[in-house]
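Excluded from the calculations below are hydrogen atoms, water molecules and symmetry mates; all remaining heavy atoms, backbone and side chain alike, are included.
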Amino acid sequence: MPSVPRIHPKPRPGNLREVAERIEEATGLRVQVLGGKLVMSPTPRGKHAGAIRYLRHQLEPVMPDGLGVYEVSSVMMPGERDEYATPDLVVLPEEWDDDDDWLADPEDVALAVEVISQSEKSREIRDKADWYAVAGVAALLVIDPRNGTWALHTHPDNGAYQDVLPGKFGEPLPLPLPLGFEVATDGFRLYGDSPRAGRSSR
């Protein structure tokens, strides 16, 4: 996880959202506040971004009336008022188009999508699923280009998802209601080594 740049004011409970915004402005990194900590994500690899694009192109033509697909939209997390997550992709009511807030209500989220970065650790991935479950997000799709797998987490209860459907790239992915359709996963690509010397892997 990238280290926190030197930003004033210093991070502390009560001002984490302000600090996160300043870091995003200064670095371009995606910053979330989860579990009382600043969580920063590096700029996505092409295959990371490609997975999001591939999924979005399948979702948009068959979205049920009243729902839309959004990128770079943050979801309010429970607990401290500063906490929020920014999934790679999120399905929300189309009323989000006209909302002046920047934090969506987790109860409005029909599906959140997280594409795992090359550098993420297993514990960080588990924590991320737990945070969405505690918030009450109905369904979380985790796409992992490191090993060519996906996992659909549904039915959050008691701070954990009660059902997890695992799958591999190439296997059809059935999405729960209110979506209620399948998407293909054979267009997802595995991460490889970056061909550009001197660049860190992401």
Using 0.5 Å steps for rounding, measure from the [atom1] atom of [X] to the [atom2] atom of [Y].
X: L165; Y: E171; atom1: CG; atom2: CD; answer: 9.0 Å
X: Y161; Y: L152; atom1: OH; atom2: CG; answer: 9.5 Å
X: Y191; Y: Q118; atom1: OH; atom2: CD; answer: 6.5 Å
X: E182; Y: L175; atom1: CD; atom2: CG; answer: 8.5 Å
X: M63; Y: E94; atom1: CE; atom2: CD; answer: 9.5 Å
X: L55; Y: W150; atom1: CG; atom2: CH2; answer: 11.5 Å

>> Tell me every residue that passes side-chain hydrogen bond (donor to acceptor under 3.5 Å, both in side chains) with D97, counting only those two or more places apart in sequence or in another chain.
In response: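 Once residues adjacent in sequence are excluded, the partners of D97 under the side-chain hydrogen bond (donor to acceptor under 3.5 Å, both in side chains) criterion are Y70.
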> Listed by chain and number, what are the side-chain hydrogen bond (donor to acceptor under 3.5 Å, both in side chains) partners of D163, not counting sequence neighbours?
Replying inline: H155
> Which of these passes side-chain contact (heavy atoms from CB on, under 4.5 Å) with V90: L111, D108, V109?
Replying inline: V109
> Testing I143, V115, V113 for side-chain contact (heavy atoms from CB on, under 4.5 Å) with I52, which one passes?
Replying inline: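 Result for side-chain contact (heavy atoms from CB on, under 4.5 Å) with I52: V115.
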Over all atoms of both residues, closest heavy-atom pair of [X] and [Y]:
X: Y132; Y: A112; result: CE2-CB, 4.0 Å
X: A110; Y: A139; result: O-CB, 3.7 Å
X: A104; Y: W96; result: N-CH2, 3.5 Å

Hey, quick one: are [X] and [Y] part of the same hydrophobic cluster, counting side-chain heavy atoms closer than 4.5 Å, chains of contacts allowed?
X: F181; Y: F188; answer: yes
X: L141; Y: V62; answer: yes
X: L140; Y: V134; answer: no

>> side chain to side chain donor-acceptor pair (under 3.5 Å), that's the test. Do Y54 and D186 meet it? Break it down for me.
In response: CA-CA 10 Å; Y54 174 71; D186 51 359; 2.8 Å; yes
Side chains of [X] and [Y]: does their closest heavy-atom pair fall under 4.5 Å?
X: L92; Y: L67; answer: no
X: P166; Y: T149; answer: no
X: P145; Y: H48; answer: no
X: P64; Y: L179; answer: yes
X: L190; Y: R146; answer: no

> Is there a donor-acceptor pair under 3.5 Å between the side chain of T185 and the backbone N or O of P172?
Replying inline: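 Answer holds: no.
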>> Check whether Q58 reaches the backbone of A184 with its side chain - one donor and one acceptor, N or O, closer than 3.5 Å.
In response: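 The answer is yes, because a donor-acceptor pair under 3.5 Å joins these two groups.
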>> Show every salt bridge (charged side-chain N to carboxylate O under 4.0 Å, His left out) that has at least one partner inside residues 49-66, sequence neighbours left out.
In response: R56-E60, R56-E71
> More than 12 foreign heavy atoms under 6.0 Å from CD of E107: is that the case here?
Replying inline: no
> Do L59 and L89 pass the side-chain contact (heavy atoms from CB on, under 4.5 Å) test, and can you show the C-alpha distance, the side-chain angles, and the key distance before you say yes or no?
Replying inline: CA-CA 11 Å; L59 293 175; L89 206 66; 3.9 Å; yes
